Amino acid sequence: MNLFKYFKDEIVAALARLTEAGTLPGGLDLSKVNAEPPREEAHGDVATNAAMVLAKPAGMKPRDIAEALAAELGAHPAVTAVEVAGPGFINLRLADGFWFERLAEVLAAGTAWGDSTLGQGRKVNVEYVSANPTGPMHIGHARGAVTGDALASLLEKAGFAVAREYYINDAGAQVDVLARSAHLRYREALGEDVGEIPDGLYPGDYLVAVGQELARLHGDRYKAAPETEWLAAFRAHAVTAMMGMIREDLDALGVHHDVFTSERELVEGGKVLAALDFLREHGLIYEGVLEPPKGKLPDDWEPRPQTLFRATRFGDDVDRPLMKSDGSFTYFASDIAYHLDKYRRGFPDMIDVWGADHGGYVKRMQAAVKAVTEGEGALDVKLCQMVNLMKGGQPYKMSKRAGTFVTLRDLVEAVGKDVVRFIMLTRKNDAQLDFDLDKVLEQSRDNPVFYVQYAHARCHSVLRNAAETLPGVDLAAGALAAGPLGRLTDPAELGLIKALAGWPRLVESAAEAHEPHRVAFYLYDLAAAFHGLWNKGKDDARLRFLLDDDRELTMARLGLVRAVASVIASGLSVFGVEPVEEMR
RNA sequence: GCGCCCUUAGCUCAGUUGGAUAGAGCAGCCGCCUUCUAAGCGGCAGGUCGCAGGUUCGAAUCCUGCAGGGCGCGCCA
């Protein structure tokens, strides 16, 4: 249960009673009334702004509303104290028993604690990675992959029905270049000395195997044949091979998609034409000439009539071209068809995860989605900023092939998939991220992966010790939930329970904001609270988890420890990170 | 020239969708400590939230303008 949502409902109900009693006028807009944790711990457990936001519409003083509402709320059995503070906040303090119930709830639910019905099964499509099928994934792709994957998991936890999708850009000129590059490697495999890979072709040695495979399949049949005879077949083969490689890269990172959509199939299936027809029927396409861009002008600029989409009607800055001069579609045209396709597959809510270099593309895509779904669809675009690879605080190049990129595989091999995943989520997506190969493996408080994993491992260490010193005692979550949790009266213990109780609210707010990084910060704070309690046990033996002379209190504390482990595991599972039970 | 993003402590960053006295971690200073396998712990200090206006009971958060940084700007993807 999201306790803040619960108390918001209680507050709304109390306001209804006050309206009925004539204390408040009817017809008030309650949408701005909230219930949230106060910033200051001293202000209690739940605070509401109700009196302040209703003062003006009700024509009353905030203080008067607050007094009346406070009296109502004070009658709630879980509320032990109500105070009106500041300009009209109402602060509620909750009974310890209420928190013990939450702890029992955490234990009963296990890692399902925090699952929400917020999404009500609404379908959401999250498209991420979508790296061009022309080579292995690099470090920049990794951030988008992890961000999209974690966002999808987060939305699932919040009750949405999520589809994870990959869009294969296999129709543009870049895959023809790939085919030609593969052809060169094919000739090489047949014994020809091809020398240096010419500019304009992909030089990567990952194409050597593709060339060999093509030579095995086709012999020398296409060695000197004109391009028209082999291009399509070589392209298809090479794209398949590249996608196989990309899937392996994603697998190494633990990222999996439900749906792979091929741009080429959209084009060949007539879906781009259909989308353009739709726009044309709605009067959103015209032949026209664009103004030259202000500022730096392309060298070969000349005014040219083009097929344009009226993007400006939907909030974009200029209308956008849909056709190239050779009559083929622009990338934008097939992207419109793709988003329409997603919409027609039942996804009015779409999220795309892109690299920041596509920032200039967001407005037109959102404009197109509005146009093509007649305002029914919504597209949110998460732009992932650059990852700066560092080592020991200095910028670092890890490339195996001079002048090329750092591959995702290199990175995963260097630090492990869980570290890559967690660190990628320690910044909001639109801020640049420093990834320091040394720091992420450091065993210190400064390294969030270690700090969080360590908290989880410590919990399990305590449980292992307990199993040894208390043979035959049931340490399963269910049994501990039924234990004497009321013995947990130390402020640090109650604080930890409150942190655990905040997890459902965090899941919901992070899911609504599409911000998975908040989970990382929550986990860090939770780990800090747990480590803090542990450290208190160093100074004060009475606060240790395992006590020889108080079996009851030990059992209660083991419940708390298991609950902490469970919530950390729950948070890490959103990130696709394996919680460790032992540090090595 | 235009659009989008960013600007919070010396450094790296949070900031719960407009709330109360803006928070962490490093680094700094002052103490303490040798473990329920474990990263040592506690405290102090550190701020004109880029600048200037505006909206409101209330602004780091919303609006306008300006400055600085990043990305992008007709057929590339």
Side-chain angles (χ1 to χ4, degrees), chain A residues 4 32 34 36-40 43 47 49 52-53 55-56 62 85-89 91 132 134 169 171-175 263 289-298 300-304 306 308 316-332 335 355-363 383 385-386 393 426-428 430-432 434 436 439 442-448 450-451 454-455 457-458 461-462 464-466 469 502 505-506 509-510 512-513 515 517-518 520-522 524-525 528 531-532 534-539 541 543-547 582-584:
Chain A
F4 298 97
K32 293 183 85 173
N34 66 23
E36 51 186 20
R39 202 172 294 235
E40 289 285 323
H43 290 151
N49 63 356
M52 289 175 291
V53 298
K56 192 181 257 188
F89 287 102
N91 295 325
N132 283 337
T134 55
N169 292 124
Q174 80 285 358
V175 284
E263 179 186 8
V289 181
L290 285 175
E291 294 285 315
K294 302 283 194 291
K296 73 166 192 239
L297 208 58
D300 55 346
W301 168 266
E302 57 186 53
R304 180 181 292 148
Q306 287 175 297
L308 298 169
D316 201 359
D317 308 311
V318 289
D319 292 337
R320 302 292 180 176
L322 298 170
M323 307 267 262
K324 302 181 200 171
S325 51
D326 65 1
S328 62
F329 302 120
T330 59
Y331 178 84
F332 181 46
D335 238 2
D357 54 338
H358 288 58
Y361 211 75
V362 174
K363 270 192 184 181
L383 294 177
Q385 278 290 347
M386 263 176 49
T426 54
R427 290 282 176 273
K428 51 181 168 245
D430 51 11
Q432 288 194 19
D434 289 344
D436 193 308
K439 179 149 279 176
E442 210 171 77
Q443 302 210 341
S444 79
R445 182 166 190 164
D446 204 18
N447 175 9
F450 168 78
Y451 196 62
Y454 182 26
R458 253 185 175 168
S461 167
V462 172
R464 281 192 300 272
N465 281 346
T469 54
R505 179 174 193 263
L506 186 110
S509 63
E512 272 183 316
E515 289 186 350
H517 76 278
R518 292 190 194 186
F521 287 93
Y522 170 81
Y524 186 84
D525 289 343
H531 288 309
W534 174 288
N535 286 321
K536 280 195 167 186
K538 282 185 183 175
D539 295 337
L543 282 174
R544 296 188 174 198
F545 298 114
L546 304 178
L547 302 169
E582 227 170 331
M583 303 301 286
R584 270 161 297 159

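Throughout, a chain's letter reflects where its sequence line sits, starting with A, and its residues are numbered from 1. Fair warning: this is a prediction, and the values are worked out from it, not measured in the lab.
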* Asked: With a 4.0 Å cut-off on heavy atoms, is A/Pro448 in touch with a base, just the backbone sugar-phosphate, or nothing at all?
  -> nothing
* **Nearest-Å distance once atom P is located in both B/rA20 and B/rG58** => 14 Å
* Round to a whole Å and report the spacing from CD of A/Gln432 to P of B/rA14. => 12 Å
* Checking A/Asn447 side chain against A/Lys439 main chain: does a donor-acceptor pair fall under 3.5 Å? -> yes
* When rounded to the nearest Å, what value does the distance between P atoms of B/rU12 and B/rU37 take? -> 38 Å
* Structure fact -> As its Watson-Crick or G-U partner within any shown strand, both distances under 3.5 Å, B/rG23 has B/rC13
* Considering only the P atoms, how many Å lie between B/rA60 and B/rU48, rounded to the nearest integer? -> 14 Å
* Structure fact -> Taken to the nearest whole Å, CZ/A/Phe329 to P/B/rA77 is 14 Å
* Given that both distances must come in under 3.5 Å, which nucleotide forms a Watson-Crick or G-U wobble pair with B/rC41? -> B/rG31
* Look at the side chain of A/Ser328 and the backbone N and O of A/Lys324, then say whether any donor-acceptor pair between them is shorter than 3.5 Å. => no
* Under 4.0 Å: is that the gap between some side-chain N or O of A/Lys538 and OP1 or OP2 of B/rU34? -> no
* **Selected nucleotide, minimal atom distance to A/Lys56 side chain, candidates B/rC5, B/rC36, B/rC57** => B/rC57
* At their closest point, which heavy atom of A/Asn169 faces which heavy atom of A/Gln174, and how far apart are they? -> O-NE2, 2.8 Å
* Taking only side-chain nitrogens and oxygens of A/Lys324, does any of them come within less than 4.0 Å of OP1 or OP2 of B/rC76? -> yes
* To do: Using a heavy-atom cut-off of under 4.0 Å over every strand shown, decide if A/Phe521 touches base, sugar-phosphate, or nothing.
  => sugar-phosphate
* To do: Give A/Ala466 one of three labels, base, sugar-phosphate or nothing, depending on what nucleic acid heavy atoms sit under 4.0 Å from its own.
  => nothing
* **C1' gap between B/rC49 and B/rG15, integer Å** => 11 Å
* **Sugar-phosphate only, base, or nothing, as touched by A/Glu442 at under 4.0 Å among non-hydrogen atoms** => nothing
* Could you check how far CG of A/Asp317 sits from P of B/rC5, rounded to whole Å? => 12 Å
* Most 5' of A/Ala513 and A/Arg544 on RNA chain B, judged by nearest nucleotide -> A/Ala513
* Asked: Looking at A/His517, does any N or O in its side chain come under 4.0 Å of the phosphate oxygens OP1/OP2 on B/rG15?
  -> yes
* To do: Measure from OH on A/Tyr451 to C1' on B/rC41 and round the result to the nearest Å.
  => 11 Å
* Using the C1' atom in both, what is the distance from B/rG40 to B/rG25, to the nearest Å? -> 16 Å
* Of all heavy-atom pairs between A/Gly537 and A/Arg544, which one has the smallest distance, and what is that distance? -> O-NE, 2.9 Å
* Does the B/rU16 base have a donor-acceptor partner in the side chain of A/Arg518 within less than 3.5 Å? -> no
* When the C1' atoms of B/rG46 and B/rC11 are considered, how many whole Å apart are they? -> 13 Å
* To do: Looking only at non-hydrogen atoms, find the nearest pair between A/Pro38 and A/His43 and report the distance.
  => CB-CB, 3.7 Å
* Heavy-atom closest contact (A/Leu547 atom, A/Ala541 atom, distance) -> CD2-O, 3.5 Å
* Structure fact -> Atom CZ of A/Arg458 and atom C1' of B/rG40 are separated, to the nearest Å, by 10 Å
* Which base sits across from B/rA60 as a Watson-Crick or G-U pair, both distances under 3.5 Å? -> none
* Selected nucleotide, minimal atom distance to A/Glu582 side chain, candidates B/rC36, B/rA77, B/rU37 -> B/rU37
* To do: To the nearest Å, give me how far apart CG (A/Asn535) and P (B/rU34) are.
  => 14 Å
* To do: For nucleotides B/rC5 and B/rG47, find the distance between their C1' atoms and express it as a whole number of Å.
  => 25 Å
* With stacking defined as ring centroids separated by under 5.5 Å and planes differing by under 30°, is A/Trp534 stacked against B/rC36? -> yes
* Structure fact -> Scanning all shown strands, the Watson-Crick or wobble mate of B/rG1 with both distances under 3.5 Å is B/rC73
* Looking at the angle O4'-C1'-N9-C4 for a purine or O4'-C1'-N1-C2 for a pyrimidine, is B/rU17 syn or anti, with syn meaning within 90° of 0? -> syn
* Between A/Asn49 (side chain) and A/Glu36 (backbone), is there a donor-acceptor pair under 3.5 Å? -> no
* Asked: Using the C1' atom in both, what is the distance from B/rC44 to B/rA27, to the nearest Å?
  -> 15 Å
* Name the orientation class of the two ring planes belonging to A/Tyr451 and A/Tyr524 (parallel below 30°, tilted from 30 to 60°, perpendicular beyond 60°). => tilted
* Asked: If you take all heavy atoms of A/Asp335 and A/Tyr361, which pair is closest and at what distance?
  -> OD2-CE2, 3.7 Å
* To do: May I ask you to say what A/Ser461 touches in the nucleic acid, namely base, sugar-phosphate or nothing, with a heavy-atom cut-off under 4.0 Å?
  => base
Show the distances under 3.5 angstrom between N or O atoms of the protein and N or O atoms of nucleotides 18-29 of chain B.
residue : atom : partner  : partner atom : Å
B/rA20  : OP2  : A/Arg39  : NE           : 2.7
B/rA20  : OP2  : A/Arg39  : NH2          : 3.4
B/rA20  : N6   : A/Asn91  : OD1          : 2.6
B/rA20  : N1   : A/Asn91  : OD1          : 3.2
B/rA20  : N1   : A/Asn91  : ND2          : 3.0
B/rG25  : O2'  : A/Asp446 : OD1          : 3.0

* Map A/Leu383 and A/Lys536 onto RNA chain B by nearest heavy atom, then report which one ends up closer to the 5' terminus. => A/Leu383
* Measure the distance from CZ on A/Arg427 to C1' on B/rU8 and round it to the nearest whole Å. => 14 Å
* Asked: Across all strands, who's sitting opposite B/rU7 as a Watson-Crick or G-U wobble pair, both distances under 3.5 Å?
  -> B/rA67
* **Whole-Å distance separating the NE2 atom of A/His358 from the C1' atom of B/rC71** => 12 Å
* **Closest to side chain of A/Leu290, choosing from B/rG74, B/rC75, B/rU37** => B/rG74
* Which atom pair, heavy atoms only, marks the closest approach of A/Gly172 to A/Glu263? -> N-OE1, 4.2 Å
